[in-house]
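So the structure is just underneath, and the comments pick up after that.
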2 protein chains.
Amino acid sequence: MAEKDMRERIKEVAVEHFNINGYHGTTIRNIAKDVDCSLPMIYYYYHNKKDLFDEIIKKEFFELLKRQVSLLRTDNIIELYTKFVNDLNFLSDYDKKVYRLGIKVYLSFDGDEELMEIMDEWEKTILPRHYQILKSHLKNVDNDIAVIRTLIHLLETLIESIVVKNRYLPEEEIREEISIVLRGCE
Amino acid sequence: MAEKDMRERIKEVAVEHFNINGYHGTTIRNIAKDVDCSLPMIYYYYHNKKDLFDEIIKKEFFELLKRQVSLLRTDNIIELYTKFVNDLNFLSDYDKKVYRLGIKVYLSFDGDEELMEIMDEWEKTILPRHYQILKSHLKNVDNDIAVIRTLIHLLETLIESIVVKNRYLPEEEIREEISIVLRGCE
DNA sequence: ATAGTATTGTAACGAACGTTAGATAGAGAG
DNA sequence: CTCTCTATCTAACGTTCGTTACAATACTAT
C-alpha cells in the first residue's frame, strides 16, 4: 500500500534537493534522511541517482508543460498570454520546483547531454506553436515573425521571474508588458 | 616569474570547469589536471575551493559588467541598446563563460547565500539605471515605467540567449526586437 | 498457519573528494 | 658557496560519496 506513497515522497524530496543543491550537490543520503527512510530504499524504487533525476525532468516537467499548454483557450489574445503567465503565480510549490528544475536543464545549467537534446527538440516547437496561435491576429503587422520572437523572449523572462526567482508578478504588470509587445495587433 | 601566469591559468581552467559541471560537480583534482600542475598548487594561490569560486564571481564577473556598461554612449537610444546586446556576441570565450557563471549565480542556480545577496543588491540598481538613460526619450509615453520594465525583461532573455545558450544573435534581429518594445518613443 | 513475495533495514565496499603536512627544487643575496 | 625564500611536488589524512550484498520484516494468497 505504501509503495506509491514512498515512491512519490522520494521524488518530492528529490525535487527539493536537486533544486537547492543541483545534481552533484544532492546526495542520496540526504534525500533518504528527509524522506525518513533507509538509504537503499531509493535504489529499490529508482535504478540510481541519474534515473531519479531523469524521471523528474522527462516525466514531471514535460507533463507539467503539457498541462499548462492545454489550459489555453483563445478568446482575446492578450488575455490568453496574460493568463498563461499569471497562472504560474499559483502553481503548487512542488510544480514550481519541477518547473524551475526544468528551466535549469533547459539552460544547460544541470543535467547531461541526453536531457539537453530533449530540451533542444522541445525548444524547436515553441515558435511554430505561437505562430499558429498568433498568425490570424497579426495580419496587418508587417514584421510579424519579429513580434512573435519578441513575445517569446518576453514570456521567457516573465516565466523565469516567477518560477526561477520565485517572485510574484502582478497580473496587471504581466498584461502591461504583453500589451506593449503586441501593441497594434488585431 | 610564473606566479601571475599560474594563478591566472588556474582561474581560467576553473571558470571552464565551474561552467560545465557547477560548483559541486567541479573537483580541485580535475582543475589541477587541466592546468597540468599538482593538486596543492591550487591551495597555494587560493585559500580553498569556495575562495576560487568567489573570486570569479566577485571580481571577474562584476568587473566584466562594469566594463560592459562603461562602453555605452548615448546617441540614438535603439542603437545604444542594440550595440549593448550585440557586443556580447563578440565577447572572448573566457568572458562569456564568466558572464554565464554570473547569470547562473544570479538565478541562484549555483553559489551560496552570500553571493545571492550581492546579486540582489546589484539587481536593485538595474531599473534606476535604465530609467536614467531612457527618461528623456519617454516624455510622450504614458506607461513609461512599464516600457522600461519590458525592455529590461527583453534584454535579459537576449543576453541569456547569447551568453548562456551560446547562440549568435544577428544584430538585425536584436534591433528589431528592441524597436518593437521601444516603438513610439522619442 | 504457512509459503512466498514485496518492502524495508543494517552494514559495508571501493572510489573520489577537499584539504594538509612536509619534502624538494630553484633563484637571488651575502 | 651557503643561506633564505618562493614555488612546486609527493603522499597521505579523514570524510563522504554512490552503490550493493544480504538480512529482516510485513503483507498476501493459499
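Chain A is the first sequence line, chain B the second, and so forth, proteins listed ahead of strands; every chain is numbered from 1.
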What is the separation between atom [atom1] on [X] and atom [atom2] on [N], rounded to the nearest whole Å?
X: B:K33; N: D:dC9; atom1: NZ; atom2: C1'; result: 17 Å
X: A:M6; N: C:dA6; atom1: CE; atom2: P; result: 17 Å
X: B:R9; N: D:dA7; atom1: CZ; atom2: C1'; result: 13 Å
X: B:Y46; N: C:dT20; atom1: OH; atom2: P; result: 17 Å
X: B:M41; N: C:dT24; atom1: CE; atom2: P; result: 17 Å
X: B:I42; N: C:dG18; atom1: CD1; atom2: P; result: 10 Å

Sole candidate of B:R100, B:K96, B:K11, B:K97 that passes salt bridge (charged side-chain N to carboxylate O under 4.0 Å, His left out) when paired with B:E16: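 One option only clears the test, and that one is B:K97.
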Footprint string (nucleotides 15-20 of chain D, 5' to 3'): B base within contact, S backbone only, - free, heavy atoms under 4.0 Å: --BBBB
Any A:Y44 side-chain N or O less than 4.0 Å from OP1/OP2 of C:dT8: no
Donor-acceptor under 3.5 Å (A:N143 side chain, A:A146 main chain):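 No, A:N143 side chain to A:A146 backbone: no donor-acceptor pair under 3.5 Å.
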Side chains of B:V15 and B:Y94 in contact at under 4.5 Å (non-hydrogen atoms): yes
Residues forming a salt bridge (Lys or Arg N to Asp or Glu O under 4.0 Å) with B:E121, sequence neighbours excluded: B:K124
With B:E63 via salt bridge (Lys or Arg N to Asp or Glu O under 4.0 Å) - residues at least two apart: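 Residues passing salt bridge (Lys or Arg N to Asp or Glu O under 4.0 Å) with B:E63: none at all.
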Any pair counted as salt bridge (charged side-chain N to carboxylate O under 4.0 Å, His left out), so long as it reaches residues 24-38 of chain A, sequence neighbours left out: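 Of all non-adjacent pairs touching residues 24-38 of chain A, none passes salt bridge (charged side-chain N to carboxylate O under 4.0 Å, His left out).
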Pairing residues for B:F61 by the ring-ring contact (aromatic ring centres under 6.0 Å, His included) criterion, not counting sequence neighbours: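 Testing B:F61 for ring-ring contact (aromatic ring centres under 6.0 Å, His included), a comparison that skips the adjacent residues, returns B:Y99.
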Dot-bracket notation for DNA chain C, counting Watson-Crick and G-U pairs under 3.5 Å, with | for partners on another strand: ||||||||||||||||||||||||||||||
Test item: side-chain donor near acceptor, A:H17 and A:Y23, under 3.5 Å: no
